[in-house]
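Here the structure comes first, spelled out in structure tokens, and everything after it is commentary.
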Amino acid sequence: MSTRSVVGIERGTLPFVALGVAVVAVSTSAILVRYSAAPSLVKAFYRVLFTTLLLLPFALVRHRDAFARLTRRDWLAAGAGGVALALHFASWFASLELTSVAASVTIVQCQVLFVAAGAAVFLDEFVTRRTVAGMLLALVGIVVLSVGDASGGVVAGSAPLLGDALAVAGAAFSAGYVLVGRVLRQRIALIPYVVVVYSACTIVLLALVLADGAALTNYPPREWVLFLGMAVGPGVFGHTVLNWALGHLESSVVSASLLGEPVGSALLALVLLGEVPTAATVVGGVVILAGITVVARARGRRERQ
């Protein structure tokens, strides 16, 4: 086999390999959050801060000119994306303290549904009957899962219904971040884009931490290791690699691959946290993922037309 063919295979498979690494990395996020005893806003702040600091030197060395080419509109849009991302982390991290990992991670994946709805409203994308059917199916799954939690069967969390609601809010805010990215990533390179968005996200989270009165220091070494782990794993190798993959693969493929996150997180929670999903969580989760799959496939067909 020639060197050229080997390189061709490597280039063709690299996005899929990167996608697999990213899904594994983001699957660890909920576990690391649950391991940390720090306030949820503090966890979110340090995760994004450390992720930004890890990427900033590379951005300044390799992409300094890209920042100069950003327009005022680009800065404002990226800032809005950062605000949405901050609210996503704030609500989702709080969700993980109130409900089970399986429930929270599965529900937050419904961002795909909000992306479809947002694209129809703000980007004038046509919504097919299949997309609507997938949304309704996922909604039924959320109801089944939440009703099961309300019955007292949830294995972790002091307020599962509130936790589930916060996960839905996290999904909605995540969709806002994704929609901004869809517009900006067409003309802005990955690293400058994420550094600007992450910086805005860090500032918003810092403001929320200060408003909440939570301490920013005096945490034991274990907590700092967890903060850094959230940044390196789910932050750099997770969401940043996913953003890179979006430039090489159809968004429907990336969205569908993210369905592996709830499965991976639930398995890790079972092994590491002893969380055994209830029947309602399993059934509701399967229905939710089925609905998301329908929506992702419908959007994939639209992209190829």
Side-chain angles (χ1 to χ4, degrees), residues 7 9-33 43-44 46-63 66 78 81-82 84-86 88-89 92-93 105 108-109 111-112 115 170-171 173-175 177-202 226-265 267-268 292 296 300 303:
V7 172
I9 291 173
E10 289 178 348
R11 288 178 178 174
T13 58
L14 181 59
F16 291 97
V17 173
L19 196 56
V21 170
V23 171
V24 172
V26 296
S27 296
T28 66
S29 181
I31 307 303
L32 294 171
V33 171
K43 300 178 210 180
Y46 279 118
R47 166 179 164 162
V48 184
L49 173 64
F50 289 163
T51 302
T52 306
L53 293 177
L54 289 170
L55 295 173
L56 186 59
F58 182 72
L60 294 178
V61 172
R62 297 288 298 274
H63 301 278
L85 186 61
H88 158 72
F89 281 128
W92 183 51
F93 278 35
V105 176
V108 84
Q109 284 304 317
Q111 59 95 2
V112 175
V115 168
F173 290 127
S174 177
Y177 160 66
V178 170
L179 288 170
V180 170
R182 281 187 53 186
V183 176
L184 293 183
R185 282 286 286 120
Q186 295 178 11
R187 59 180 183 273
I188 302 176
L190 170 64
I191 299 301
Y193 164 72
V194 296
V195 165
V196 173
V197 172
Y198 290 171
S199 296
C201 179
T202 301
L226 288 171
F227 296 155
L228 184 60
M230 295 176 201
V232 174
V236 175
F237 287 100
H239 288 283
T240 303
V241 172
L242 282 172
N243 274 296
W244 177 85
L246 278 170
H248 300 269
L249 299 170
E250 292 180 347
S251 62
S252 58
V253 174
V254 177
S255 296
S257 71
L258 284 175
L259 300 183
E261 181 184 355
V263 178
S265 295
L267 290 175
L268 288 173
I292 293 173
E303 289 179 354

Next on the checklist: As a quick check of understanding, evaluate side-chain contact (heavy atoms from CB on, under 4.5 Å) for Val241 and Val21, giving each step before the final call.
Outcome noted: CA-CA 8 Å; Val241 172; Val21 170; 5.5 Å; no
Do [X] and [Y] have side-chain heavy atoms sitting under 4.5 Å apart?
X: Ser27; Y: Val23; result: yes
X: Trp92; Y: Ser29; result: yes
X: Leu267; Y: Val263; result: yes
X: Arg47; Y: Phe93; result: yes
X: Leu19; Y: Trp244; result: no

Next on the checklist: For Arg62, I'd like to know if atom CZ has over 12 heavy atoms of other residues, nucleotides or ligands within 6.0 Å.
Outcome noted: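 Atom CZ in Arg62 is not crowded, with 12 or fewer foreign heavy atoms closer than 6.0 Å.
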Taking all non-hydrogen atoms of both residues, which atom of [X] and which atom of [Y] are closest, and how far apart?
X: Ser265; Y: Val105; result: OG-CG1, 3.9 Å
X: Ser174; Y: His88; result: CB-ND1, 3.6 Å
X: Lys43; Y: Phe227; result: CA-CE2, 4.0 Å
X: Pro234; Y: Gly229; result: CD-O, 3.4 Å
X: Ala171; Y: Gln111; result: O-CB, 3.3 Å
X: Ala44; Y: Phe89; result: CB-CB, 3.9 Å

Checklist entry - Who passes side chain to side chain contact (heavy atoms under 4.5 Å, CB included) against Ala84, sequence neighbours left out? => result Tyr177
Inter-residue atom distance [X].[atom1] - [Y].[atom2], 0.5 Å rounding:
X: Glu261; Y: Leu268; atom1: CD; atom2: CG; answer: 10.5 Å
X: Leu190; Y: Leu242; atom1: CG; atom2: CG; answer: 10.5 Å
X: Leu55; Y: Phe50; atom1: CG; atom2: CZ; answer: 13.5 Å
X: Thr240; Y: Tyr198; atom1: OG1; atom2: OH; answer: 3.0 Å
X: Leu228; Y: Leu49; atom1: CG; atom2: CG; answer: 11.0 Å
X: Ile31; Y: Leu226; atom1: CD1; atom2: CG; answer: 12.0 Å

Item to check | Trace of the side-chain contact (heavy atoms from CB on, under 4.5 Å) decision for Phe237 with Val232 | outcome: CA-CA 6 Å; Phe237 287 100; Val232 174; 3.8 Å; yes
Next on the checklist: Quick one, Val183 with Leu179, criterion side-chain contact (heavy atoms from CB on, under 4.5 Å). Give me CA distance, side-chain angles, the key distance, then yes/no.
Outcome noted: CA-CA 7 Å; Val183 176; Leu179 288 170; over 6 Å; no
